[in-house]
Amino acid sequence: MLWGGRFDGGLNSDALKFSSSLNIDINLILEDIEGSIAHAEMLSKIGLVTPEELTTLVDGLIKIKSEWELDKWKPAENEFEDIHSAVESRLFELIGDTAGKLHTGRSRNDQVALDLILWTKKACNHLIASLKEIQKSFMAIASSHTETLIPGYTHLQRAQPISLAFHLLAYVEMFERDINRLNFIFESLSESPLGSGALAGSTLPLDRDFTSEKLGFAFPTGNALDTVSNRDFILDFLNGCSIGMMHLSRLSEEIIIWSTSEFNLIKLSDNFSTGSSLMPQKKNPDIAELIRGKSGKSFGNYIAFISTMKGLPLSYNRDLQEDKEPLFDSFYTYKASLDIMTQMMQSAKFNQTKFIEDLNGDFSLATDLADWLVLKGIPFRNAHEIVGRVVKGLEEKNLNFSGVTLDYLKTIDQIFDETSIKCLDITTSLERKKTFGSPNPAIVKERIEYWNRKLGQK
Ligand code: ARG
């Protein structure tokens with residue numbers, strides 16, 4: 001019991017059960033111990049704890065850490081309000097009354113803020129590592145598919161031919177933005193909350209610079225009131241996880257479409273597919289569907305917690321305890337989704353020739369024909385109209401570009417000559433692209449080189 005003096009009895013057991021977050025914030029145990037060791041060292045530095053007491057406190061905290069890691073001690077659920085009380089109580093059991101000195105000048109309000117920040121920084125790093133892995137695996141696939149033609153879509157209607165490598169590299173760009181977002185969150189967590197107390201600092205001469213440096217921060221936070229009520233970084237993190245999951249969900253949707261017999265572009269490994277209990281022929285892309293499904297929960301976590309925050313007066317309110325469930329859930333969901341997606345893609349096979357026949361003569365080269373007219377000096381709007389008539393005429397005869405003749409083109413406009421037919425050749429369509437960022441295989445290969453350099457692999 002952390003506040004015995006003023007109370008006549010303990011918390012009602014149902015109330016304790018209702019209010020305990022221990023089964024969730026047990027995730028913070030290592031950060032809690034790390035923060036407590038730094039705090040104890042600081043108390044010794046300013047003379048509020050003797051060197052002997054410091055040794056006793058630190059040894060006790062290290063013992064709790066190893067007991068936890070070796071599965072030798074686990075706080076009894078529903079006996080404590082949170083991990084902070086559970087660790088302190090264990091410390092009393094292990095070292096006796098000296099444990100009572102640890103909380104000097106500290107409140108659980110600055111303690112929990114510190115634990116959460118230390119945990120979130122580590123979580124950012126874990127996610128960044130997983131994102132780099134998925135980028136690497138996408139590039140490995142992309143390097144053997146720079147010439148693999150697939151249709152590119154807008155409005156899910158065939159638009160222009162692209163390559164599979166180009167499509168996959170679009171996701172590598174998205175993953176890079178996900179990394180940048182997490183890096184931003186990591187960098188924003190450069191100030192230490194420790195020493196803010198409950199909300200208004202301390203009359204004790206706490207050395208906040210000492211704990212800040214010890215725990216790897218650049219500075220102590222500048223306003224105690226803000227410090228104990230700030231959970232913006234959790235919202236940033238939940239948002240980062242949501243956008244990342246949204247990217248994985250879009251990818252999942254594409255994988256699901258690509259694995260249909262109609263598309264037949266991707267063959268997922270049997271190890272990452274499931275069967276039907278009824279239909280013997282079925283092979284289902286459940287992993288992709290689950291990632292797509294789980295993304296909803298990630299978005300919900302953001303909405304849930306920003307709703308909790310809205311309307312809270314400064315500073316700490318117990319409502320803030322509700323930050324942990326969404327935080328941990330979004331992290332574990334996103335991390336697991338990234339890692340399983342990486343494995344699933346690494347083991348998948350792509351049908352390299354699926355679209356060569358299919359795209360031959362396809363109208364998705366219509367823009368190329370319009371560009372040809374532009375190079376002859378026709379204003380683009382007119383060129384668009386002329387090619388529109390070319391397409392309409394062919395469609396009426398149930399033909400496509402493979403059935404086109406120069407005579408036919410000339411019936412639409414006299415300007416056409418033999419060279420115009422060349423730009424309807426699907427096999428050279430990609431290499432005719434000139435612009436940086438286009439699916440031209442030479443440009444895509446350069447981009448792969450760029451990513452390989454960036455990710456430090458050759
Ligand atoms: N379990 C609490 C939380 O996570 C710790 C801080 C409690 N502070 C308090 N004044 N009751 O928010």
Side-chain angles (χ1 to χ4, degrees), residues 1-7 9-36 38-39 61 64 68 74-91 99-100 102-123 189 192-202 211 221 223-235 237-238 301 304-331:
M1 167 71 74
L2 303 176
W3 54 77
R6 190 213 166 286
F7 283 76
L11 190 61
N12 167 288
S13 63
D14 287 337
L16 178 60
K17 200 168 163 191
F18 178 77
S19 57
S20 172
S21 57
L22 183 58
N23 66 334
I24 296 163
D25 61 22
I26 191 83
N27 271 297
L28 297 173
I29 186 165
L30 297 181
E31 291 72 22
D32 199 68
I33 292 172
E34 188 186 348
S36 287
H39 187 66
L61 288 163
I64 298 175
W68 166 255
K74 195 170 171 290
E77 270 184 31
N78 295 333
E79 213 172 285
F80 301 100
E81 178 184 315
D82 52 29
I83 185 61
H84 325 295
S85 350
V87 168
E88 192 174 330
S89 147
R90 182 65 184 152
L91 196 60
L102 180 62
H103 215 53
T104 310
R106 189 172 65 163
S107 155
R108 278 178 302 152
N109 298 355
D110 58 346
Q111 189 177 356
V112 71
L114 172 69
D115 294 2
L116 286 166
I117 289 177
L118 291 174
W119 187 92
T120 304
K121 286 173 82 170
K122 287 185 202 161
L189 295 175
S192 166
L194 203 53
S196 295
L199 77 162
S202 177
T211 42
T221 52
N223 181 299
L225 193 67
D226 173 52
T227 303
V228 297
S229 62
N230 172 27
R231 296 292 184 274
D232 294 1
F233 62 98
I234 293 187
L235 289 171
F237 185 81
L238 295 178
N301 284 339
F305 189 55
I306 198 167
S307 313
T308 296
M309 292 295 290
K310 176 185 175 295
L312 291 188
L314 299 185
S315 60
Y316 180 82
N317 300 273
R318 191 67 184 278
D319 316 44
L320 291 180
Q321 181 170 289
E322 295 300 310
D323 55 4
K324 291 166 200 68
E325 217 168 341
L327 175 67
F328 300 142
D329 179 68
S330 282
F331 168 73

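As the structure lists them, so they are numbered: ligands from 1, and atoms in each ligand from 1. It should be emphasised that the depicted structure is a prediction, and the values quoted were computed from it without experimental measurement. Atoms considered below: every heavy atom in the structure, side chains included; atoms not considered: hydrogens, waters and symmetry mates.
The residues R318 and E81 are annotated as salt-bridged, a charged nitrogen and a carboxylate oxygen being separated by less than 4.0 angstrom. The pair R231-D323 meets the salt-bridge criterion, since a charged nitrogen lies less than 4.0 angstrom from a carboxylate oxygen.
Atom-to-atom distance recorded for D32:CG and R108:CZ is 10.5 Å, nearest 0.5 angstrom.
Looking only at heavy atoms of the protein, atom 11 (N) of ligand 1 is closest to R108 NH2, 3.5 Å. Distance from atom 10 (N) of ligand 1 to its nearest protein heavy atom, with residue and atom name: N109 OD1, 3.2 Å. The closest protein non-hydrogen atom to atom 3 (C) of ligand 1 is Y316 OH, 3.2 Å.
Atom CD of E325 has 12 or fewer neighbouring heavy atoms from other residues, nucleotides or ligands inside a 6.0 Å radius.
Nearest-heavy-atom check against atom 2 (C) of ligand 1 across H84, R231, Q321 picks out Q321.
Heavy-atom contacts of K324 reach the following atoms of ligand 1: 3 (C), 4 (O), 12 (O) (cutoff under 4.0 Å). Taking every heavy atom of V112 and a limit of under 4.0 angstrom, the matching atoms of ligand 1 come to 4 (O). Atom numbering of ligand 1 starts at 1 in the shown order; those under 4.0 Å from a heavy atom of D82 are 1 (N), 2 (C), 5 (C).
Counting only N and O atoms by type, the side chains of D82 and S21 include no donor and acceptor under 3.5 Å apart.
Put simply, the side chain of T221 reaches to within 4.5 Å of the side chain of S196, judged on heavy atoms.
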